Structures are given as C-alpha cells and as structure tokens.
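Everything quoted here is computed from the prediction, not taken from an experiment. Each chain gets a letter, A, B and so on, in the order its sequence line appears, and its residues count up from 1.
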There are 2 protein chains.
Amino acid sequence: MAEENSLGSVDVSQSPAERFEEFLQSRGKRMTQPKRQLLDQVYSRHEHFDAESLIEQLPAASEAGHIGRATVYRALKEFVEAGLLREFKLAGRSVYEHDYGYPQHDHLYCTQCRELIEFQSEALLELLNSVASEHRFRVGGHRLIISGVCEDCRRSQRRSRKPVDMV
Amino acid sequence: MAEENSLGSVDVSQSPAERFEEFLQSRGKRMTQPKRQLLDQVYSRHEHFDAESLIEQLPAASEAGHIGRATVYRALKEFVEAGLLREFKLAGRSVYEHDYGYPQHDHLYCTQCRELIEFQSEALLELLNSVASEHRFRVGGHRLIISGVCEDCRRSQRRSRKPVDMV
DNA sequence: ATAGTTGCAAAACATTTGCAAAGTT
DNA sequence: AACTTTGCAAATGTTTTGCAACTAT
C-alpha cells in the first residue's frame, strides 16, 4: 500500500479504514454510516482542510446522505484520536491533514494565498530535542509554522485575498 | 533603560509609552486614558497573559477606572500593531507577551501546569531561514511551540489541572 | 469643529453540549 | 435489550461590530 505525495511514499500495513475499525473496537465505539462516509471523504484527497470545508463537500441538509454539523466535529475528533488525522490551529480554526501512514512534517504558510507548504527536516527535530533536553523537558510534540510569502505570490504579486496578519 | 528577565537584558532607546505615542501619531490615532491605563497594566509585570486575565486585573464594572471589554480587545490589537506586544494563539485564545525591547524567542509549553517556558536558539533561526530559502519562501515570522511536560511536573507528578491535548 | 474612542449590547465565529429519536452490537 | 450515535437547536467561549455618547486634537 504505497502512496505518492509531496514528501515521498510510505508503506502502511493497514488501510485507514481498518485502523479506524480497530481503534473503535478497542474503545467500545461503533462504526456507522456517517463515520464511514466522512472517512471516505477525508481520504479522497490529500490536502489540508477544516471542518467547514469538509461540510461544504457533503450533501446539503435537504439531500440524502447529509451529515449534521455536530457529527462532523465529533467524527473529526475521533479520527484525530485514532491517529488518522493530525490537527493544528491556524488563524482561529482547526485544520486537519492526513497523519496515518504519512511522515511527520512542518509547514510554511503563505499569508497571501494561504497555501500550506509541507517540509521535513531531520535537523530541526534534532535541534528541538536538544533544546528540550537542556531544559529537562519531556517533548510530547511540537507545532511550527513559518509564515511569509511563497515563491508564486512573490513573483506574481498576486493577492487572492487580503493577507492575514497573525497566524 | 535595562531590564532583567529570563533571557537577559535589552537596552531600548524609548519607553513603551513613548513608542506607543509615536505609533499613534503616525497613524492619526489618539492617546486616551483607557489606553494609558491598559499600557501601564500590561507593562507592570513581565509574563504571559490573555484578554480575560487582563480584564480581571482591572477595576470592576461598577468601580472607577473600569474599562469595557471591547476597549481591552481593541487596545491589545493596537499594542500588537505598535510592536509592543507579541500575540499567539494557545488552546483557543490569544496569548500576549512583551515584544518591544524584548528578545525574540520561542516556547516550551507544559501541558500539565500550562506554564510557558521561553528559550532562544540562534541555530533554530538559521535552520528556519535555510529551510525557507530552499523553498524560495520569504519569511515573515514563525511560531514554534514545543509541548510536553516540564521538569517540575515530571518530578512531582503534579497535575494542577487535567492536561490539555492539543495546542 | 472634526475625527477618533468608548462602552454597551448584540452579532459573529468556531465548536460543544443536551436530549430525544434512531442505529449498532 | 443495552448502549452508542445522530441531528437539531441551544449553549459556549472568545472576539468583533454597530452605534450613540464622549473625548482628544
């Protein structure tokens, strides 16, 4: 089970759905139609998204297969707990990305086009560990976002939206 | 004008109030009693705070010198624009710290006692710049928080509050 | 006088929760 | 049957905004 993406391929032994099932069982939780549908949606594309954009992709309130707002939020939380998605806060709301079977990485955030660009740096991880150990701090995780302007936006001076100030 | 603090002293040529006055003038904004009072309050102690905790320190709604909620939010925004305060989001709300005359730094965040520990690393800055330049990205700033458990909490197994999961 | 500022209450956001009905095991 | 999940609406917590009265320049 190999995937191509911007940071290379990773082999995983279980599909996200299988892993999720396992998680649910281990917690006495249940697999349901809405969860299945959301999991599919979330894994249909490899990109960053937030609750709102996920909801927009779903059938409208009147249509069949519609899923309530609260259910979406509850499912996202479960996916994060299950290790399927990684969550971080950006400009006030939660942003999600694939975690399961995908390598750890950090982000460059273009405040002009609001694109998130992923990067990996082994040196960074080592540095963080050494900083932490100087403070006798046990690292649980980290969050790093470098904000600025991406190459495309610098060149085209394009501003699809007014830039955001704080990240 | 030198201050002692955890990251050492920094000399600045103007007081925060002077710098703020200059900022206001350059923008056609005005110095007022509430802003003056808030600036004093904010610079009376060197520590991290949020809007709510700042409001709690002010005279109550019935007392003299009371300042409305909205005014506090508006003033904090101005202080950030003026370069007096640095703002970042933590566990859902905005957290502020002194910026003016204070060295750039990043944080270790203890998810047990919720303490923010400052650290400085020149190597980190260099690393971030080199990552960015590999992507031809113009850096505006960055935000890094290493979350985990601080030395004190590890030792005492103390948990003043239930740990927060996501930062 | 002119234009920015204040405080209040209401609005705006993103997310969470109570609860009765519906779905899973 | 026992227990979890869903969807709705209402509640939450934080921050913003409309607006009339007020204040600095």
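Atom SG of B:Cys150 sits about 7.0 Å away from atom CZ of A:Phe137, to the nearest 0.5 Å.
In this model, a donor atom of one side chain and an acceptor atom of the other lie less than 3.5 Å apart for A:Glu97 and A:His48. Side-chain contact, A:Glu22 with A:Gln14: a donor N or O sits under 3.5 Å from an acceptor N or O.
Closest approach of B:Val131 to A:Ser121, counting heavy atoms only: CG2-CB, 4.5 Å.
Checking side-chain atoms of A:Tyr96 against main-chain N and O of A:Val80 turns up no donor-acceptor pair under 3.5 Å. Between the side chain of A:Thr111 and the backbone N or O of A:Gly148 there is at least one donor-acceptor pair closer than 3.5 Å.
Atom C1' of nucleotide D:dT23 and atom CZ of B:Arg36 are separated by 12 Å, given to the nearest angstrom. If you take CD1 of A:Ile67 and P of C:dA22, they are 18 Å apart, rounded to a whole angstrom. Note: CG (A:Leu54) to P (C:dA14) measures 14 Å, nearest angstrom. Across the protein-nucleic acid pair, A:Leu58 atom CG and D:dT6 atom P stand 13 Å apart, rounded to whole Å.
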Detail all sub-3.5 Å separations between protein N/O atoms and N/O atoms belonging to nucleotides 2-5 of chain C.
unit_1	atom_1	unit_2	atom_2	d
C:dA3	N3	B:Arg30	NH1	2.7
C:dA3	N3	B:Arg30	NH2	3.3
C:dT5	OP1	B:Arg30	N	3.0
C:dT5	OP1	B:Lys35	NZ	2.6

Distances under 3.5 Å between nitrogen or oxygen atoms of protein and nucleotides 13-15 of chain D:
unit_1	atom_1	unit_2	atom_2	d
D:dT15	OP1	B:Ser94	N	2.7
D:dT15	OP2	B:Tyr73	OH	2.6

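Note: B:Tyr43 and B:His46 fail the aromatic proximity criterion, with ring centroids not under 6.0 Å apart. Side-chain rings of B:Phe119 and B:His107 stay apart, their centers remaining 6.0 Å or farther from each other.
Nearer to the 5' terminus of DNA chain D, by closest-nucleotide assignment, is the contact made by A:Ala75 (compared with the other of A:Ala75 and B:Arg74).
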